[in-house]
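Here is the structure we will look at, set down as structure tokens.
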Amino acid sequence: MVRIQELTKKKTLAAEKMNRTAWRGLAIFLFTAFGVAAVGAMVTASSLGQWYFSLTKPIWTPPESFFGPIWTALYLSMAVAAWRVWMKRDQFEIKPAMVFYHLQLAANLLWSVFFFGLHNPALALGDIVALQFFNIATAATFFRIDRIAGLLLLPYLVWVSFATVLNFYIWVTN
């Protein structure tokens, strides 16, 4: 009887440790994604003055108030997807998926730097094409490990596709 209680206590402690590790991992993924978002937002905010508003944009450009909520939802879904993949690290080789994930985060941040920081839609266009490649690679590798994680990235793929067309339009017309 004492032996069963000891084993039960060990299992409970192991489960508690696993829960703490899982929550800590989620916090790190959220912090990383929203850290990138915050830096990108700072770069963007510094340029939302005369330069951006003077650009010729298509009539289908979303209003500025639309971007904050969309990006918040997208960064949240990216972080949760990456966390879900990370949680399966004992069952799958996740290194390629995590490399693509971090490359897309870097390319995402660089787009803000190129477009808003440097006022260079051409350089931003090259970056967003690379970003979409990394997004597709991330989604594909995530999907193989965790279907839900892969599906969580689909809205991001759609949004970046739209943003690519918008970036192209701005580059061509300005």
Side-chain angles (χ1 to χ4, degrees), residues 28-86 93-147 149-174:
I28 289 168
F29 281 104
L30 288 168
F31 179 79
T32 302
F34 283 101
V36 168
V39 173
M42 286 187 289
V43 172
T44 300
S46 69
S47 253
L48 277 183
Q50 267 185 306
W51 178 77
Y52 179 74
F53 294 118
S54 71
L55 294 173
T56 302
K57 295 179 280 303
I59 194 164
W60 40 267
T61 302
E64 281 72 42
S65 62
F66 191 73
F67 290 93
I70 287 293
W71 277 111
T72 299
L74 293 174
Y75 277 110
L76 178 61
S77 68
M78 282 187 267
V80 170
W83 173 70
R84 288 183 61 90
V85 167
W86 176 78
E93 171 55 50
I94 67 164
K95 187 175 181 178
M98 289 293 115
V99 167
F100 284 128
Y101 174 74
H102 288 93
L103 285 171
Q104 69 80 24
L105 277 179
N108 186 310
L109 176 58
L110 284 173
W111 184 88
S112 294
V113 170
F114 296 154
F115 190 88
F116 289 107
L118 299 177
H119 301 175
N120 192 331
L123 190 56
L125 182 60
D127 176 76
I128 204 167
V129 169
L131 169 60
Q132 193 66 320
F133 168 78
F134 293 136
N135 287 344
I136 292 167
T138 303
T141 56
F142 276 23
F143 193 80
R144 283 188 211 116
I145 296 166
D146 182 274
R147 288 185 80 138
L151 292 172
L152 280 169
L153 295 180
L154 291 181
Y156 184 43
L157 288 166
V158 171
W159 180 255
V160 173
S161 296
F162 171 77
T164 302
V165 175
L166 183 58
N167 188 154
F168 178 78
Y169 182 97
I170 291 170
W171 172 62
V172 168
T173 59
N174 291 279

Check: Tyr101 ring centroid to Trp83 ring centroid under 6.0 Å: no
Kindly give the heavy-atom pair with the smallest separation between Met98 and Val85, and that separation in Å. CE-CG1, 3.7 Å
Of all heavy-atom pairs between Glu93 and Ile145, which one has the smallest distance, and what is that distance? O-CD1, 4.0 Å
Spacing of CD belonging to Glu64 relative to CZ belonging to Phe53, to within rounding of 0.5 Å: 4.5 Å
Check this for me: Phe34, atom CZ, are more than 12 non-hydrogen atoms of other residues, nucleotides or ligands nearer than 6.0 Å? yes
Is it true that, when you exclude Phe31 itself, more than 12 heavy atoms of the residues, nucleotides or ligands shown sit nearer than 6.0 Å to its CZ? no
Pro62 backbone acceptor or donor facing Lys57 side chain under 3.5 Å: no
Nearest heavy-atom pair of Ser77 and Leu152: which atoms, and what distance? OG-O, 3.4 Å
Contact summary for Pro121 and Asn167, nearest pair of heavy atoms: O-ND2, 3.0 Å
Taking everything shown except Phe133 itself, do over 12 heavy atoms lie less than 6.0 Å from its CZ? no
To the nearest 0.5 angstrom, please state how far the CG atom of Asn135 sits from the CZ atom of Phe142. 10.5 Å
What one should report as the nearest heavy-atom pair of Leu109 and Gly40 is CD1-N, 3.5 Å
Begin with the C-alpha distance, continue with both residues' side-chain angles, and end with the deciding distance and a verdict on ring-ring contact (aromatic ring centres under 6.0 Å, His included) for Trp51 and Phe115. CA-CA 11 Å; Trp51 178 77; Phe115 190 88; 5.3 Å; yes
What pairs meet the side chain to side chain donor-acceptor pair (under 3.5 Å) rule with one or both residues in residues 112-130, with sequence neighbours excluded? Ser47-His119
Determine the interplanar angle of the Trp159 and Trp71 rings, folded into 0 to 90°, and report it as parallel if under 30°, tilted if 30 to 60°, perpendicular if over 60°. perpendicular
Please report the interatomic distance CD1(Ile136) to CZ(Phe100), rounded to the nearest 0.5 Å. 11.0 Å
Decide yes or no for Tyr169 and Thr61: does some side-chain heavy atom of the first lie under 4.5 Å from some side-chain heavy atom of the second? no
Rounding to 0.5 Å, atoms CG (Leu166) and OG (Ser161) come to a distance of 12.5 Å
Output the distance between atom CG (Asp146) and atom OG1 (Thr141), rounded to the nearest 0.5 Å. 11.5 Å
Quick check: does any side chain N or O of Thr56 sit under 3.5 Å from a backbone N or O of Asn174, one acting as donor and the other as acceptor? no
Distance, nearest 0.5 Å, that separates OG1 of Thr138 from CG of Leu103: 7.5 Å
Would you say the side chain of Tyr75 lies within less than 4.5 Å of the side chain of Asn108, judging by non-hydrogen atoms? yes
Phe67 and Thr44: side chain to side chain contact (heavy atoms under 4.5 Å, CB included), yes or no, with the steps? CA-CA 11 Å; Phe67 290 93; Thr44 300; over 6 Å; no
Hey, is the main chain of Phe29 close enough, under 3.5 Å, to the side chain of Thr32 for a donor-acceptor pair? no
Looking at every non-hydrogen atom in both residues, tell me the closest pair between Val43 and Phe116 and how far apart they are. O-CB, 4.0 Å
